[in-house]
> 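To start, I am sharing the structure in question, which I have written as structure tokens.
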Amino acid sequence: MSINNYRIFAAVVELKSFVEAANRLFLTPSAISHSITKLEESLGLTLFHRTRAGTVLTDDGKMVLPAIMEVLNAEERLYQTVGDIKGVERGTVGVATFDSVCINYIPKIVRTFRALHANINIGVYQGGYDDVVGWLRSGYADMGFISSIVPHDDMDTIPLFEERMVCLTGRDFEPANGKSITAQDVRSQNIIYQQNGYDAEAEVILRRFGVAEPSRYAVASDQANIALVESGLGICFMPELVLRQIPHNAAVYPTKPAFTRSVVLATMKNRPLSSAHEAMRDHIVSFFADIA
């Protein structure tokens, strides 16, 4: 198979659309479809199926993804090595992150990095903790922001920052002690809870407070979580960073005892970093050291 088939496959995975992949790669949708069909016939597997959410990987496609990404990453490392030999900086870096870091920090990180490394391309992938971990393990992303409590034995991590967890409630709610949220308050309230992979810290708090089965709402965004609280449907827990750029009409209380979230930058232990990857890693670490 041509490596172009693999590039097209990766573009469809990212964009979940043959049309969007065609626009990205300056090809026609029929050319994208032909390439995917050729790849599927060569492998003897069906790689995609279409849903309301777009074109998504089949189970077989998910199993094939890491191998294909390894081929593409190896090609990228080759060109970066050649660039290093010739003294020309180039490459591509994929950074995976969750919502609050993406909103509050990624724009400035990317802007300042590009000012220093104009020939290095940057891809940003946004999702929940589970998404970030999955993208790292598949090779889809080169580095990612995760919470330190997310399982990551196969990853190297660098601590970046720590922040306080807070509780959001309706304006008409007041904690029993008038100052902070305790287990007594939580046990008498409806708990608004995001999808798995988005609320790892909240799970820790609820276990500590003895809440075995919180109410679950099928939301995957911080804005939706806050909206439900504002509507009087319950309370929720989230890191303070989330509230920095999201207007809201909810009351915010600390917890007692206090809980925090530690954010780290993760890379795969068994995957060597190129010079472009190292430049981005060092830039991110320096960025957070400067604002600490």
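In what follows, residues are counted from 1 in the order of the sequence shown. Here the structure is a predicted model, which means the values were calculated and not measured.
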> If you measure only the distance, is there a donor-acceptor pair under 3.5 Å linking the side chains of T37 and H34?
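Looking only at side-chain atoms, H34 and T37 do not form any donor-acceptor pair under 3.5 Å.
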> Establish, from distance only, whether the side-chain atoms of E201 and S147 form a donor-acceptor pair under 3.5 Å.
yes
> Evaluate the salt bridge (charged side-chain N to carboxylate O under 4.0 Å, His left out) criterion for residues E75 and R7: first the C-alpha distance (whole Å), next the side-chain angles of each, then the deciding distance (0.1 Å), finally the verdict.
CA-CA 11 Å; E75 182 198 33; R7 293 194 187 103; 2.4 Å; yes
> Looking only at non-hydrogen atoms, find the nearest pair between M69 and S138 and report the distance.
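Smallest heavy-atom distance, with atoms named: CB-O, 3.3 Å.
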> Taking the side chain as every heavy atom from C-beta outward, state whether I181 and F173 have any pair of such atoms under 4.5 Å apart.
yes
> Does L57 share a hydrophobic cluster with I32, counting links as ILVMFWY side-chain heavy atoms below 4.5 Å and allowing steps through other members?
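Looking at the clustering, I32 is in the same group as L57.
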> Do I106 and V101 touch side chain to side chain, with heavy atoms closer than 4.5 Å?
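Contact flag for I106/V101 side chains = yes.
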> Mind checking the CD-CD1 spacing from E203 to I149? Nearest 0.5 Å is all I need.
7.5 Å
> Would you sort out whether I284 and I158 count as a side-chain contact (heavy atoms from CB on, under 4.5 Å), showing the intermediate values?
CA-CA 10 Å; I284 291 172; I158 301 174; over 6 Å; no
> Give a yes or no on whether R171 atom CZ has more than 12 heavy-atom contacts from other residues, nucleotides or ligands under 6.0 Å away.
yes
> Between atom CD of E240 and atom CD of E163, what is the distance when rounded to the nearest 0.5 Å?
7.0 Å
> Less than 4.5 Å apart, any side-chain heavy atom of I235 and any of Y253?
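No - every pair of side-chain heavy atoms lies 4.5 Å or more apart.
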> Hey, is the main chain of T255 close enough, under 3.5 Å, to the side chain of R164 for a donor-acceptor pair?
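Between the backbone of T255 and the side chain of R164 there is no qualifying donor-acceptor contact (under 3.5 Å).
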> Minimum heavy-atom separation for V132 and A96, please, with both atom names.
CG1-CB, 3.8 Å
> Is it the case that the side chain of D156 and the backbone of T267 share a donor-acceptor pair, with hydrogens and angles ignored and the cut-off at 3.5 Å?
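Checking the backbone N and O of T267 against the side chain of D156, no donor-acceptor pair under 3.5 Å is found.
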> Starting from the C-alpha separation in whole Å, work towards a yes-or-no answer on side-chain contact (heavy atoms from CB on, under 4.5 Å) for M280 and I109.
CA-CA 9 Å; M280 175 57 87; I109 289 172; 4.3 Å; yes
> So does A31 get a backbone contact from the side chain of S35, meaning a donor-acceptor N/O pair under 3.5 Å?
no
> Contact between D154 and K269 at the side-chain level, heavy atoms closer than 4.5 Å - yes or no?
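Not touching, per the 4.5 Å side-chain cut-off.
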> Main chain of L233, side chain of S231: is a donor-acceptor contact present, judged purely on distance under 3.5 Å?
no
> Please report the interatomic distance CE(M155) to CZ(R271), rounded to the nearest 0.5 Å.
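Going from CE on M155 over to CZ on R271, the span is 8.5 Å.
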> Can you hop from V166 to I103 via hydrophobic side chains spaced under 4.5 Å?
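No: no chain of side-chain contacts under 4.5 Å links V166 to I103.
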> Under a 4.5 Å side-chain heavy-atom rule over Ile, Leu, Val, Met, Phe, Trp and Tyr, are V204 and I146 clustered together?
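Each belongs to a different hydrophobic cluster.
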> Tell me the closest heavy-atom pair linking P175 and S180, and the distance in Å.
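Minimum heavy-atom separation between P175 and S180: CB-O, 3.1 Å.
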> Quick check: do F288 and L265 have side-chain heavy atoms less than 4.5 Å from each other?
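In short, these two side chains do not touch, never coming nearer than 4.5 Å.
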> Step by step, work out the side chain to side chain donor-acceptor pair (under 3.5 Å) result for H283 and S286.
CA-CA 5 Å; H283 184 76; S286 176; over 6 Å; no
> Can you check whether L273 reaches D142 side chain to side chain, under 4.5 Å on heavy atoms?
no
> Between F113 and I120, is the side-chain contact (heavy atoms from CB on, under 4.5 Å) condition met? List the steps.
CA-CA 9 Å; F113 184 81; I120 296 178; 3.9 Å; yes
> Which pair of non-hydrogen atoms, one from Y125 and one from A141, has the smallest distance, and what is that distance?
CD1-CB, 4.1 Å
> Give the cluster check for L39 versus M63: same hydrophobic cluster or not, with ILVMFWY residues linked at side-chain heavy-atom distances below 4.5 Å.
no
> How are the rings of Y129 and F98 set to each other: parallel, tilted or perpendicular (split at 30° and 60°)?
perpendicular
> Evaluate the side-chain proximity of T97 to Y105: yes if any heavy-atom separation is below 4.5 Å, no if none is.
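The answer is no; the side chains never approach within 4.5 Å.
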> Restricting to non-hydrogen atoms, name the atom on L25 and the atom on A11 that form the minimum distance, rounded to 0.1 Å.
CD1-CB, 3.9 Å
> Would you give the length of the straight line joining atom CZ of R90 to atom OG1 of T81, rounded to the nearest 0.5 angstrom?
10.5 Å
> So how far is it from I8 CD1 to R24 CZ, rounded to the nearest 0.5 Å?
13.0 Å
> Could you verify whether a donor N or O on one side chain and an acceptor N or O on the other, from S262 and E162, lie under 3.5 Å apart?
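Short answer, yes.
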> If only side-chain N and O atoms count, and only distance matters, is there a donor-acceptor pair under 3.5 Å linking S100 with R261?
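Judged by distance alone, the side chains do pair up.
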> Hey, could you give me the CD/CG distance between Q223 and D99, rounded to the nearest 0.5 Å?
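Answer for the CD-CG pair, Q223 versus D99, is 6.5 Å.
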> How far apart are the C-alpha atoms of V186 and Q189, what are their side-chain angles, what is the distance that settles it, and do they pass the side-chain contact (heavy atoms from CB on, under 4.5 Å) test?
CA-CA 5 Å; V186 173; Q189 292 294 313; 5.9 Å; no
> Measure from the side-chain N and O atoms of D290 to the backbone N and O of F287, and report whether any donor-acceptor pair falls under 3.5 Å.
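Side chain of D290 to backbone of F287: no pair is present.
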> Looking at side-chain heavy atoms only, is the closest gap between I226 and M238 below 4.5 Å?
yes
> Could you see if I291 belongs to whatever hydrophobic cluster contains V263? Use Ile, Leu, Val, Met, Phe, Trp, Tyr and a side-chain cutoff under 4.5 Å.
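Yes, same cluster.
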> Can a donor-acceptor pair be found, under 3.5 Å and without considering hydrogens, that links the side chain of D131 to the backbone of G128?
yes
> In terms of ring plane angle, is the pair F48 and F9 parallel, tilted or perpendicular, where the classes change at 30° and 60°?
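F48 and F9: tilted rings.
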> For the pair N73 (side chain) and G139 (backbone), establish whether a donor and an acceptor sit closer than 3.5 Å, ignoring hydrogens and angles.
yes
> If I compare all heavy atoms of T92 with all of H277, which pair ends up nearest, and what's the gap?
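In this case the closest contact between T92 and H277 is O-NE2, 3.3 Å.
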